[in-house]
Amino acid sequence: MHVFYTPDIRTCAELPEEEATHAIRVLRLQAGDKVTLTDGKGNFYCAEITIATHKRCLVHILETLPQPPLWEGHLHIAMAPTKNMDRTEWFAEKATEIGFDELTFLNCRFSERKIIKTERISKILISAIKQSLKARLPRLNEMTDFKKFVAQPFEGQKFIAHCYEGEKPLLKEVLTPGLDVVILIGPEGDFSEEEVQIAEAYGFRPVSLGKSRLRTETAALVACHLLNLQNQR
């Protein structure tokens, strides 16, 4: 089943140009063909193509199919992007397939990548919700300074995963299902000790993701999976 991302479908019964090009020129769909759409806001739509031209694809909505939330709470991953962008893009795709709500990139003291362009990540998120049949597109935030991020008010649970010694219970043992949650994942060089102290001062609880030493993108994916599993409806 081909799914097309149409964020403005409620006000404009037409596929965005990139989606229209894929539907008409690649898939060779024509007027009268049935298609599935998603607005990325919790709804699927069964629709019929009414006009198919070189660059335009107009549709008529036949049925609206709301998708109930697949997990409880708001799952927010805040991670330092990896030096190799392929690894960050891999995480974005796989985490979306698993399921989460919001992604923020952190600029930390030991970050090897200080600037990130989110346009390509956004396209990966869109592709992944279509592939995994999810009707909600995760919110994607621009790079944010670590200290500025942790100082923001957050509802629910707040965790930081780091590699320093000290009391760090397993995330799965302290996570309360059903509540909003945000977890911080550091860069390849980990958070600085000062950053950990600052996060703790703002109420972030140190946690462990297990005994294995994990790469940044692997740690972020493990965290995402744990949060999703614990909050499954």
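Using a 4.5 Å cut-off between side-chain heavy atoms of Ile, Leu, Val, Met, Phe, Trp and Tyr, with links allowed through other members, Trp90 and Ile124 fall into different hydrophobic clusters. Both Leu70 and Leu226 are members of a single hydrophobic cluster when ILVMFWY side chains are connected at heavy-atom separations under 4.5 Å. The cluster map of Ile, Leu, Val, Met, Phe, Trp and Tyr, joined by side-chain heavy atoms under 4.5 Å apart, puts Val196 and Leu184 in the same cluster. Residues Ile49 and Leu15 are members of one and the same hydrophobic cluster, defined by side-chain heavy-atom contacts under 4.5 angstrom among Ile, Leu, Val, Met, Phe, Trp and Tyr. Residue Leu106 is not grouped with residue Val207 when hydrophobic side chains (ILVMFWY) are merged at heavy-atom distances under 4.5 angstrom, including chains of intermediate members.
Within 6.0 Å of atom CD in Gln30, 12 or fewer heavy atoms from other residues, nucleotides or ligands are found, so the atom counts as exposed in its surroundings. The number of heavy-atom neighbours closer than 6.0 Å to CD of Glu18, taken from other residues, nucleotides and ligands shown, is 12 or below. Counting non-hydrogen atoms of neighbouring residues, nucleotides and ligands closer than 6.0 angstrom, the CD atom of Glu155 reaches no more than 12 such neighbours. Around the CD atom of Glu167, the shell of radius 6.0 Å holds no more than 12 heavy atoms that belong to other residues, nucleotides or ligands.
Atom SG of Cys57 and atom CD1 of Ile51 lie 9.5 Å apart (nearest 0.5 Å). Atom CD1 in Ile24 sits 11.0 Å away from atom NE2 in His54 (nearest 0.5 Å). Rounding to the nearest 0.5 Å gives a distance of 10.5 Å between CD of Glu97 and SG of Cys224. A distance of 12.5 Å separates CG in Leu171 from NE2 in His225, rounded to the nearest 0.5 Å.
Between the side chains of Tyr164 and Asp190, no donor-acceptor pair of N or O atoms lies under 3.5 Å. No hydrogens or angles considered: nothing links the side chains of His2 and Thr36 as a donor-acceptor pair under 3.5 Å. Under 3.5 Å, the side chains of Asn43 and Gln67 contain no donor-acceptor pair of N or O atoms. Between the side chains of Ser127 and Glu93, no donor-acceptor pair is found at a separation under 3.5 Å.
For an aromatic pair to be called close, the ring centres must be under 6.0 Å apart, and His74 with Phe154 fails this.
A donor-acceptor pair is defined here as one N or O able to donate and one able to accept, closer than 3.5 Å; such a pair exists between the side chain of Thr50 and the backbone of Leu58. Checking side-chain atoms of Asn231 against main-chain N and O of Gly73 turns up no donor-acceptor pair under 3.5 Å.
Test Lys114, Met79, Glu195, Lys147 against Cys108 for side chain to side chain contact (heavy atoms under 4.5 Å, CB included) and you get one pass: Glu195.
The nearest pair of heavy atoms linking Gly99 to Asn228 is O-ND2, 3.0 Å.
Taking the six-membered ring for Trp and thresholds of 30 and 60 degrees, Phe191 and Phe146 have ring planes inclined between 30 and 60 degrees apart. Ring orientation note: the planes of Phe91 and Phe100 are tilted relative to one another, at an angle of 30° to 60°.
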Run the salt bridge (charged side-chain N to carboxylate O under 4.0 Å, His left out) check on Glu89 and Arg120 step by step: do they pass? CA-CA 8 Å; Glu89 292 172 0; Arg120 179 169 168 79; 2.9 Å; yes
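Note on Glu19 versus Lys130: salt bridge recorded, some NZ/NE/NH1/NH2 to OD/OE distance being below 4.0 Å.
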